[in-house]
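Right, one structure below, let's go through it.
Order of the sequence lines sets the chain letters (A, B, ...), proteins ahead of strands, with each chain counted from 1. The analysis underlying the following values was restricted to heavy atoms, covering all of them including side chains, and did not include hydrogens, waters or symmetry mates.
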Amino acid sequence: MKKIEAVIKPFKLEEVKDALAEVGIEGMTVAEVKGFGRQKGHTEIYRGSEYTVDFLPKIKLEVVVADDAMDGAVKAITSAAKTGKIGDGKVFVSSIDEAIRIRTDETGNEAL
Amino acid sequence: MKKIEAVIKPFKLEEVKDALAEVGIEGMTVAEVKGFGRQKGHTEIYRGSEYTVDFLPKIKLEVVVADDAMDGAVKAITSAAKTGKIGDGKVFVSSIDEAIRIRTDETGNEAL
Amino acid sequence: MKKIEAVIKPFKLEEVKDALAEVGIEGMTVAEVKGFGRQKGHTEIYRGSEYTVDFLPKIKLEVVVADDAMDGAVKAITSAAKTGKIGDGKVFVSSIDEAIRIRTDETGNEAL
Amino acid sequence: MIAALFAAPLSAQDAAGGNEATPGTETAGESSDTSTGTDPETAGGGDAVDTPAEEEAAVLNSGDTAWMIVATALVLLMTIPGLSLFYGGLARRKNVLSILVQCFACTALMTLLWTVYGYSVAASGDGQFFGDFDKLCLKGVGVDTLNGTIPESVYFTFQMTFAIITPALIVGAFAERMKFSAVLIFLTLWFTFSYLPVWHMVWGGGYVAEKWEAIDFAGGTVVHINAGIAGLVACIVLGKRQGFPKSPMPPHNVPFVLIGAALLWVGWFGFNAGSQLAADGVAGMAQLVTQVATAAAAFTWMMVEWITKGKPTAVGIATGAVAGLVAITPASGTVGPMGAIAVGAASGLVCYWTATSLKKALGYDDSFDVFGVHGVGGIVGALLTGLFFIDAATGAETIENKLKGQIVSVIVTIIWSAVVSYIALKIADLLCGGIRSSEDEERQGLNVADHGEEGYQL
Amino acid sequence: MIAALFAAPLSAQDAAGGNEATPGTETAGESSDTSTGTDPETAGGGDAVDTPAEEEAAVLNSGDTAWMIVATALVLLMTIPGLSLFYGGLARRKNVLSILVQCFACTALMTLLWTVYGYSVAASGDGQFFGDFDKLCLKGVGVDTLNGTIPESVYFTFQMTFAIITPALIVGAFAERMKFSAVLIFLTLWFTFSYLPVWHMVWGGGYVAEKWEAIDFAGGTVVHINAGIAGLVACIVLGKRQGFPKSPMPPHNVPFVLIGAALLWVGWFGFNAGSQLAADGVAGMAQLVTQVATAAAAFTWMMVEWITKGKPTAVGIATGAVAGLVAITPASGTVGPMGAIAVGAASGLVCYWTATSLKKALGYDDSFDVFGVHGVGGIVGALLTGLFFIDAATGAETIENKLKGQIVSVIVTIIWSAVVSYIALKIADLLCGGIRSSEDEERQGLNVADHGEEGYQL
Amino acid sequence: MIAALFAAPLSAQDAAGGNEATPGTETAGESSDTSTGTDPETAGGGDAVDTPAEEEAAVLNSGDTAWMIVATALVLLMTIPGLSLFYGGLARRKNVLSILVQCFACTALMTLLWTVYGYSVAASGDGQFFGDFDKLCLKGVGVDTLNGTIPESVYFTFQMTFAIITPALIVGAFAERMKFSAVLIFLTLWFTFSYLPVWHMVWGGGYVAEKWEAIDFAGGTVVHINAGIAGLVACIVLGKRQGFPKSPMPPHNVPFVLIGAALLWVGWFGFNAGSQLAADGVAGMAQLVTQVATAAAAFTWMMVEWITKGKPTAVGIATGAVAGLVAITPASGTVGPMGAIAVGAASGLVCYWTATSLKKALGYDDSFDVFGVHGVGGIVGALLTGLFFIDAATGAETIENKLKGQIVSVIVTIIWSAVVSYIALKIADLLCGGIRSSEDEERQGLNVADHGEEGYQL
Ligand SMILES: Nc1ncnc2c1ncn2[C@@H]1O[C@H](COP(=O)(O)OP(=O)(O)O)[C@@H](O)[C@H]1O
Ligand SMILES: Nc1ncnc2c1ncn2[C@@H]1O[C@H](COP(=O)(O)OP(=O)(O)O)[C@@H](O)[C@H]1O
Ligand SMILES: Nc1ncnc2c1ncn2[C@@H]1O[C@H](COP(=O)(O)OP(=O)(O)O)[C@@H](O)[C@H]1O
């Protein structure tokens with residue numbers, strides 16, 4: 001099994017979710033994170049002094065899929081999350097040794 | 001070393017923590033995440049219009065353990081987190097190449 | 001490519017970020033997490049009853065780097081995050097199969 | 001008939017007490033020269049010192065003055081922090097500061113405009129639609145000038161707080177998508193060419209008051225219909241927020257919404273009972289009916305939502321309360337307790353229907369239902385004011401003519417405000433090179449885009 | 001002796017000033033017919049217009065009216081947003097809206113009930129336990145009806161705000177686990193069969209007032225003991241919240257707790273000084289002792305916590321302030337500044353002990369310590385009121401008989417409220433098929449379960 | 001000249017109205033014996049009952065009393081929750097509770113100190129720098145004692161609220177790094193040896209009032225300069241917060257900042273108009289100029305920031321409003337509407353410059369700009385008060401001597417407060433073994449370190 005971690009722009013979450021649903025992926029876990037990279041932040045002002053905020057709000061999406069479902073899932077994510085502007089984010093793929101569904105103790109692909 | 005990632009129901013955190021302590025695991029990192037899966041969300045109302053909230057609050061638990069401690073840890077988590085109802089969550093296991101304790105620069109199992 | 005996950009003390013984030021910049025790493029993702037370990041928590045009081053809070057606020061930093069950049073990155077993090085006091089945190093290294101930059105569909109090291 | 005029923009407590013008492021006094025007449029006991037918030041003679045406070053007739057009658061009453069100083073503070077409390085929180089809580093987190101700043105800036109700006117020319121144009125002189133310039137910069141108003149039994153300074157500041165909250169109400173309609181600069185320009189123009197003339201027409205002895213003797217005790221038309229219509233026009237001209245109505249936009253801080261509604265409720269006593277300009281029986285009854293109507297509206301909204309949607313929401317009960325406050329405003333000087341329950345229940349029902357069904361049907365994006373609550377609630381109140389009115393002096397019901405007056409004042413206000421709003425928006429559009437924030441700014445949120453700040457660091 | 005010491009400033013002054021006037025007597029200068037909030041004759045406001053004797057004396061005083069209109073607004077402010085925030089902040093995030101909605105709905109509901117029958121049953125007629133139906137729907141109350149020197153409408157609305165906050169106080173005891181429908185039914189029954197009769201017994205010339213001349217200037221028994229006992233019974237009948245006391249349930253928003261406490265403090269001036277029904281020296285002294293006692297209680301709680309727990313908490317100092325406000329309530333018309341310090345310090349100590357040690361010992365789950373603060377604080381205040389009372393007219397200390405009256409009124413209230421509460425809960429239980437939320441609803445939180453909303457989107 | 005322009009509305013009116021009455025003179029109509037908040041005779045409220053002359057004149061006015069009871073509540077509202085929220089929101093999340101508790105504890109502590117000896121030392125007796133002990137524990141003050149037309153109890157409590165907010169203001173300067181115990185000790189010493197004597201010198205007939213007849217209608221020197229200087233000294237002695245100014249320390253809750261500013265604004269009407277101690281034309285004009293000056297300052301700050309920084313911030317407009325409120329305080333009894341605009345605009349400009357440029361240049365860490373806003377704003381106001389003053393009685397401008405008096409009072413206050421603050425800090429240092437929290441405590445945040453609580457569980 002593969003774990004796909006995607007860091008995307010927050011307002012793209014809904015579209016990505018729908019895109020994944022279309023390729024049959026019905027489970028995922030998301031977290032609010034802050035991202036630092038090429039995309040420049042904005043400046044804020046407090047009592048006359050300005051400072052730059054360069055950690056930008058992003059959404060981190062984690063999906064564990066069967067090996068063969070991987071390519072489809074990655075494509076779905078990248079195409080749905082793309083705006084073409086700096087800061088669209090990244091997708092990272094890694095390997096999962098085992099997956100277990102707590103409720104049923106099913107393991108492997110059945111657990112997903 | 002293995003990394004165990006478990007997505008569980010928030011109110012189960014305490015029990016899982018205690019279960020892990022019993023098998024001698026004294027370190028973990030948790031994050032508040034939102035989960036999407038089989039478990040259906042609830043509907044909310046705002047000025048007459050209803051909408052479904054299908055990302056549900058979950059807790060993601062990360063524990064890195066020595067290879068031999070893995071099975072025990074996984075069992076501890078699954079049994080403590082189980083309610084038998086949809087939405088209990090998943091456990092994912094992956095491999096860790098290296099671990100370092102920042103304070104002491106110890107590496108490998110000593111770092112855990 | 002390698003993924004470096006570091007759990008550090010929140011007030012060390014800026015220093016770690018700068019240290020990584022010095023070794024040429026310009027991208028990272030951070031999340032607010034809570035940590036449980038050797039470091040003891042504090043006690044709080046509510047209407048006369050005291051209770052211990054043992055999940056402490058930590059920052060989890062994720063950086064994906066090319067294999068050869070790994071050692072430098074790890075050193076940068078550990079040295080910048082170190083206070084020598086219990087609770088400095090951990091660094092975990094694991095392998096990444098693939099990385100994609102959503103904006104450009106670049107893959108591998110180009111994506112970082 | 002029905003009116004007799006709902007206004008009964010008043011007239012019955014008038015008989016019993018052997019006192020003809022009724023709000024809206026010249027014989028309301030010790031508060032005679034201030035008993036009618038709508039009386040041409042006194043509404044233009046300044047006149048008090050001009051007409052020799054009232055000159056001698058004019059003696060300062062410390063009780064009335066004490067009440068009016070406080071009423072003024074209460075009405076300011078309605079805007080900041082009351083309305084600011086009500087709207088700010090309804091906004092999405094990324095826009096909360098833009099709402100708060102718009103309310104604050106409106107408070108500061110209108111205070112200055114009202115001082116420099118607003119008061120004079122509204123309350124001085126007796127044109128049909130506008131007043132005159134005799135009191136620019138408070139010329140001739142000093143420590144000892146009186147308006148009835150209170151210092152004119154107090155009357156001036158009390159009315160100023162109305163001039164502050166009315167434009168601020170509109171902010172809720174175009175929230176989350178309008179440039180801050182455009183907001184300031186639009187509100188300035190609207191204040192000058194819609195608020196002031198409508199004030200003069202209804203309270204300053206102008207067209208509506210003179211020709212139609214319409215009743216607007218505390219501002220149903222001048223404040224609420226006037227602002228509600230401006231809101232509707234503005235949100236239509238601006239267009240919908242990105243993603244509306246597809247993606248839900250739940251309030252980011254519901255407790256703020258309820259704090260805001262609560263402060264509006266409390267402050268409204270100053271608004272309604274204060275409009276009597278005296279601490280007397282009419283003021284007391286105005287406070288009573290305000291409380292009762294608000295409760296009836298909140299309760300109605302809650303029950304209707306519970307029945308139709310399955311759950312009574314916090315935002316719902318708070319919105320219902322505001323709807324009741326709006327509707328009782330014009331009637332608060334003439335209606336009785338039972339009439340108040342009717343007014344409240346009616347506005348709860350109608351506003352619920354507007355803010356939910358009608359809005360969905362027509363598809364306009366009135367962010368926080370300024371039209372649905374203030375526009376519609378104000379109309380409901382204005383009409384029922386005519387329906388439940390009884391001329392206690394004669395005891396005769398004069399519903400027909402009363403209703404006619406009310407209907408006319410409503411129509412005049414709607415048309416006037418709509419036209420002025422539209423033109424004002426176009427002018428703002430020209431001056432600001434577009435009144436709408438850019439797509440990216442709207443997405444990023446106006447906190448950072450317009451004000452360079454984030455709402456919270458939690 | 002001790003009493004002489006603590007009430008000294010009053011009597012001393014009475015001598016010096018060569019003026020017998022003292023709160024609670026018939027000779028308190030220009031406010032004679034309203035100086036005793038507990039005087040059977042005037043408490044039932046309506047009587048003012050019935051007894052010919054007072055008929056002629058009855059002239060509206062604009063100063064008194066101004067103060068009472070504001071006092072009414074202040075007491076409403078205590079419930080919304082004051083109490084709502086105090087309780088809402090103490091709740092866990094998942095339940096904050098259920099608290100706010102319960103307080104809001106209680107405000108709307110009680111306003112209607114008080115108008116329709118509450119006022120009449122409490123304040124009209126002279127039965128032993130209940131009043132009569134003469135003033136249903138405010139029959140006979142109009143713009144010109146007076147109660148003493150203020151419009152009866154104002155007296156009615158002022159007392160309404162008491163009828164609102166008292167049931168709302170109970171909400172804190174059964175918070176986070178009771179069905180919303182059951183809450184409304186329970187509060188309606190309790191209001192009708194416990195609040196109204198106790199009001200009538202203590203303030204309406206009923207049993208306690210007549211037979212025992214108990215002193216309750218602003219509502220120590222009628223409001224606080226009454227509500228505190230209802231809370232205790234309710235939380236015991238309902239049972240503990242899941243996880244109590246094992247898992248900690250810290251407040252989700254401590255700043256809200258302090259804002260709420262602050263607004264309660266400020267609003268309480270209307271509650272206590274307003275109970276004088278006039279703007280005079282007694283009202284002024286009532287405000288003074290309220291401020292001093294509250295400060296003493298807050299400071300005491302802070303120091304005790306600091307010493308015993310090592311740290312003075314924010315929730316602690318806020319709770320201490322509320323305890324002081326509760327305790328001084330019945331005494332605020334008769335005690336002097338030094339007595340106020342004693343009352344405050346005593347309540348701070350005793351309530352701290354109840355809310356911490358006693359509750360732990362007995363193991364009941366009074367979510368926000370309604371019994372610990374209002375029940376116990378009310379009892380402390382009621383007793384000390386008798387202890388520090390001095391009959392200035394005679395100068396003689398009458399502690400014995402005074403104390404007896406106070407003790408009786410406390411016991412009567414405790415028993416009455418406990419019995420009614422228990423029965424009311426059982427009835428609600430039948431009507432709602434259980435008064436407690438389901439396990440899942442409680443775990444999910446009542447925001448979503450009862451109201452279909454989340455508190456924040458942060 | 002210029003003065004004539006800005007104070008014109010007043011004098012013009014005086015001519016027109018054929019009435020010499022002007023605030024600050026002995027002939028201001030029916031409020032003569034209370035018209036000068038700065039008049040030695042009446043400021044020391046107690047005197048009212050001592051001098052036989054006033055004895056007979058002294059009759060309670062229910063309107064004035066009604067207003068003053070409410071004004072007292074309004075000024076308390078300024079500290080809790082007003083100032084607490086303003087400061088609490090500006091703090092970082094980890095310190096919000098320490099701010100709130102410090103404000104609350106200050107409220108409780110100062111209430112007790114003012115009661116036990118503060119009032120007597122400040123307002124009783126006629127020494128040059130301190131009063132006497134005749135009124136310790138309110139000796140001789142009872143229900144019937146009057147101060148002018150209001151009960152002395154009300155005057156006492158009203159002044160108590162000033163004694164509460166003044167030390168509380170200082171908290172903002174040393175926020176986020178001072179031990180709670182040290183805070184309490186420092187404030188107690190400062191209150192005793194700086195607040196009380198300055199009060200006596202300026203309002204109690206002491207040195208400044210007697211020798212220089214300085215005008216301080218509502219507390220520009222006594223409250224704001226006094227506190228502002230103490231804040232500056234304290235933040236310098238304490239040293240900077242860790243990371244200041246390198247790492248940004250943005251407010252954790254900007255909506256709280258705006259709610260706080262709004263409540264300060266509303267409450268300030270009690271502060272300024274209340275200082276007239278009567279509900280009359282002077283009070284009305286004081287409220288008017290307070291509103292206008294505040295709006296002018298908020299608007300000025302907003303525009304300056306918009307022009308210089310590119311964006312108008314929420315914290316900016318709120319801070320500007322406070323700057324305006326501070327500056328108009330001493331002038332609110334004598335300046336006219338146009339003068340108020342000038343005072344507001346000037347303070348907006350100068351305070352903006354101080355809080356941004358000057359602070360950065362000098363590098364001191366005045367956490368929430370207590371010196372920048374209250375110290376500097378107070379000075380601006382005090383000087384302009386002299387500049388815009390017109391002696392209407394003679395019609396002659398007496399700027400020179402007036403200005404001299406103002407300058408002296410400012411200098412005396414600055415020196416006195418600075419010296420006392422420094423010594424008080426040193427004493428606190430000794431008693432607490434250091435006044436500064438440990439490095440770890442500061443990093444962890446004072447919520448947990450000092451109070452064992454976290455602000456939110458969100
Ligand atoms: N090396 C990395 N490791 C982990 N996350 C990264 C890395 N580089 C970028 N990111 C994440 O991807 C987000 C987008 O990257 P950025 O360089 O800003 O734009 P782009 O993806 O278009 O190159 C960043 O905000 C950060 O969260
Ligand atoms: N493929 C997946 N990848 C990552 N997380 C998942 C995946 N499927 C489910 N989850 C997580 O597990 C949680 C529970 O899954 P769900 O299907 O709702 O119930 P169950 O675990 O009982 O099958 C989800 O809320 C989500 O957070
Ligand atoms: N086995 C583990 N798996 C995952 N995270 C861990 C583990 N052990 C510790 N951590 C994280 O590292 C943080 C610091 O660990 P701790 O034992 O407190 O101090 P130290 O790192 O100095 O040994 C913890 O708060 C937790 O977030």
Side-chain angles (χ1 to χ4, degrees), chain B residues 1-8 10-34 57-67 70 73 76-77 80 92-112, chain C residues 1-10 12-13 15-16 19 29-41 51-62 64-65 67 70-71 73-97:
Chain B
M1 292 158 289
K2 296 292 181 186
K3 177 192 195 183
I4 303 170
E5 293 177 276
V7 181
I8 62 172
F11 70 92
K12 281 292 193 179
L13 177 57
E14 281 300 312
E15 290 174 50
V16 171
K17 195 189 96 190
D18 300 345
L20 283 169
E22 274 169 23
V23 296
I25 292 171
E26 78 216 329
M28 71 194 72
T29 303
V30 307
E32 293 180 353
V33 295
K34 295 207 171 287
K58 300 280 172 184
I59 289 283
K60 184 181 166 197
L61 191 88
E62 284 183 29
V63 202
V64 176
V65 297
D67 298 8
M70 188 193 102
I77 295 172
F92 303 118
V93 181
S94 54
S95 304
I96 288 288
D97 307 353
E98 184 55 284
I100 302 130
R101 166 173 287 129
I102 293 171
R103 167 168 51 98
T104 59
D105 292 323
E106 288 164 289
T107 59
N109 293 347
E110 286 65 40
L112 304 181
Chain C
M1 293 159 288
K2 296 292 184 187
K3 175 184 181 191
I4 304 170
E5 294 176 276
V7 180
I8 62 172
K9 286 180 170 166
K12 281 292 194 179
L13 178 58
E15 290 174 50
V16 171
T29 303
V30 306
E32 293 182 352
V33 297
K34 296 210 170 282
F36 181 70
R38 284 199 185 69
Q39 182 186 10
K40 286 294 138 258
Y51 58 93
T52 8
V53 174
D54 37 25
F55 279 101
L56 304 169
K58 300 280 172 185
I59 289 282
K60 183 181 166 197
L61 191 89
E62 283 182 30
V64 176
V65 297
D67 299 6
M70 188 192 100
D71 293 344
V74 171
K75 266 190 200 42
I77 294 171
T78 48
S79 50
K82 190 179 274 122
T83 70
K85 296 217 196 72
I86 288 192
D88 278 353
K90 318 278 185 193
V91 175
F92 303 118
V93 180
S94 54
S95 303
I96 289 289
D97 305 352

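With chain C as partner, the option from B/Met1, B/Glu62, B/Met28 having the largest number of non-hydrogen pairs under 4.5 angstrom is B/Met28. Ranked by non-hydrogen atom pairs under 4.5 Å with chain B, the options C/Val74, C/Val33, C/Thr83 are led by C/Val33. For the options B/Val30, B/Thr29, B/Ile25, heavy-atom pairs under 4.5 Å to chain C are most numerous at B/Val30. Per-residue heavy-atom pair counts under 4.5 Å with chain B were compared for C/Ile4, C/Asp88, C/Ile77, and the maximum is reached by C/Asp88.
Contact of the B/Val64 side chain with the C/Lys90 side chain is not registered, since no non-hydrogen atoms from C-beta on lie closer than 4.5 Å.
Near-neighbour residues of residues 103-112 of chain B relative to chain C, defined by a heavy atom under 4.5 Å from a heavy atom of that chain, comprise B/Arg103, B/Asp105, B/Ala111, B/Leu112.
Contact record, C/Ser94 with B/Asp97: C-OD2, 3.6 Å, taken as the closest heavy-atom pair.
With a 4.5 angstrom heavy-atom cutoff, C/Gln39 does not touch chain B via any of its atoms. Neither the backbone nor the side chain of C/Lys58 comes within less than 4.5 Å of any heavy atom in chain B. Residue C/Ala31: no heavy atom, backbone or side chain, is found under 4.5 Å from chain B. Looking at C/Leu56, there are no atoms closer than 4.5 Å to chain B (heavy atoms on both sides), in backbone or side chain.
At most 12 non-hydrogen atoms from other residues, nucleotides or ligands lie less than 6.0 angstrom from CD of B/Glu32.
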Could you walk me through whether C/Lys2 and B/Glu98 satisfy the side-chain contact (heavy atoms from CB on, under 4.5 Å) test, starting with their C-alpha distance in whole Å, then the side-chain angles of each, then the deciding distance to 0.1 Å, before giving a yes or no? CA-CA 11 Å; C/Lys2 296 292 184 187; B/Glu98 184 55 284; over 6 Å; no
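Cation-pi contact between B/Lys17 and C/Phe36: present, with separation from the ring centre below 6.0 Å and deviation from the ring axis of at most 45°.
C/Lys3 NZ to B/Ile96 CD1: the interatomic distance, rounded to the nearest 0.5 Å, is 8.0 Å.
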